[in-house]
Amino acid sequence: MYLYMKRKRYFLAESEIPTRWYNVLADMPVKPMPMLDPVSGVPVTVDTLSTLFCRECSSQELNQTDRWIEIPEEVREKYAYYRSTPLVRAYGLEEALGTPARIYFKNESVSPIGSHKLNSALAQAYYCRQEGVTNITTETGAGQWGAALSYAAKVFGLECAVYQVKISYEQKPYRRSVMHVFGSLVTPSPSMSTRAGKDILTRTPNHQGSLGTAISEAVELARMTPRCRYTLGSVMNHVTLHQTVIGLEAEKQMEMTGDYPDVVIGCFGGGSNFGGISFPFLRHVFAGERNTRFIAAEPASCPKLTKGKFAYDYGDEAGYTPLLPMFTLGHDFQPSNIHAGGLRYHGAGTLVSQLLKDGYIEAMDIDQVETFEAGCLFARTEGIIPAPESCHAIAAAVREARKCKEEGTPKVILFNLSGHGLMDMSAYDQFLAGNVVNHGI
Ligand SMILES: *Cc1c(COP(=O)(O)O)cnc(C)c1O
């Protein structure tokens, strides 16, 4: 195995960077069922949502009519700091697999904090500042979202408080350091600083924390603090909306290659990077112009899309968030302690859930060992160490490329490299030492 140096990268000129996000809700043939208020059980409105999220994000969340939503100029300026991100033809990976498939990846790992999360963090922090919000709060798992939000809070002059899943706080100390460098207050969750945290710790002493517990605590803090709003790094429609900048760029970059993807792949936590790369291509399927396949790659240990049920469920452990119609393993599901912390979430966003139900997208669950094997193959052939989350997308792409080899079909595969793994090296150490195992459910 070797680093293959014939690597081709496609960039867009600054004037070609998208100026609008794509709102898939406007084009979906079947709209998702409404989100329900957790207390009253009635459908949420912009007014009720905006007691939690900032007003603009609340309105984007429920917008089913505007296909295109303008990216504010100040956000575009901050995007231009690292966008466009490269689209890369993965010649090395193709060669190593001996596949006739042509494999491309969109490299979101080049953002200043190393993942796609910044695309939404910048937008959310911007809108909060515009609306006179001074403090923002959130939860984070592996720390990618917390790091992105901390950076964005600094950019727009906001105070930021992050609840980090306790197990990740302890296992991934460097992301915590990144949040500290950008000036955030970071608290391991569950903590004794909120009512929700105390309740969880009383019921389950030594609780290791989950995204669900951290969301409960962050939501409570936002509700209790004046001029404070909650932000979320995945799951919600407005977050996925902001991430469509990935797919819109990729669409233009694919044009430069002369190829068009037959298969588009993203790893799946709550759906934002998967939706971000997929939805702009999906709009051509809605229009009857293409029949592209879309594959969401999730961990076998947290398989809400392949083994969950479609139901109304809370986004968090304590039941503070709206009830969402989604594929879920149950809001009290406790996922195994896999290294892909960003994929340890019990539910799928409502957009992806509805699209899966209606047969527009597919899901694939993959065991942890296979993802690290694919990640190491990718690192050795493409020279980038992928985040453990992104390894799921790579593993799905490898499966598809091998199928192309068996069938002799030269398909075009596009996947999203959601982040780099340079802060996850202890996970790679464990894999190389043979200590990474599979977890079913
Ligand atoms: C958070 C994260 C994910 C999962 O979140 P989605 O909203 O499903 O995209 C995937 N990859 C990386 C690198 C992440 O940080």
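The figures here come from the full heavy-atom set of this structure, side chains too, leaving out hydrogens, waters and symmetry mates. Whatever order the structure lists them in is the order used to number ligands and atoms, beginning at 1.
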Please output the side-chain donor-acceptor pairs of residues 148-162 that fall under 3.5 Å, not counting sequence neighbours, one pair per line with the distance.
from	atom 1	to	atom 2	distance (Å)
Ser150	OG	Gly146	O	2.6
Ser150	OG	Ser184	OG	2.7

(message) So does Ser191 get a backbone contact from the side chain of Glu217, meaning a donor-acceptor N/O pair under 3.5 Å?
(response) yes
(request) Validate the cation-pi geometry between Arg290 and Tyr260: distance from NZ or CZ to the six-membered ring centre under 6.0 Å, angle to the ring axis within 45°. (result) yes
(request) Compute both the distance and the angle, then confirm whether Arg55 meets the cation-pi test with Tyr127: under 6.0 Å from the six-membered ring centre, within 45 degrees of the axis. (result) no
(message) Taking the six-membered ring of Tyr91 as reference, does the cationic atom of Arg89 (NZ for Lys, CZ for Arg) lie under 6.0 Å from its centre and within 45° of its axis?
(response) yes
(request) Salt-bridge test for Glu170 and Arg176: reply yes if a basic N is under 4.0 Å from a carboxylate O, no otherwise. (result) no
Please tabulate, one line per pair, the protein N or O atoms found under 3.5 Å from any N or O atom of ligand 1, giving the distance to one decimal.
from	atom 1	to	atom 2	distance (Å)
ligand 1	7 (O)	Ser234	OG	2.5
ligand 1	7 (O)	Ser272	N	3.0
ligand 1	7 (O)	Ser272	OG	2.7
ligand 1	8 (O)	Gly269	N	2.7
ligand 1	8 (O)	Gly270	N	2.9
ligand 1	8 (O)	Gly271	N	3.0
ligand 1	9 (O)	His116	NE2	3.2
ligand 1	9 (O)	Ser272	OG	3.4
ligand 1	9 (O)	Asn273	N	2.8
ligand 1	9 (O)	Asn273	ND2	2.7
ligand 1	11 (N)	Ser418	OG	2.7
ligand 1	15 (O)	Lys117	NZ	2.6

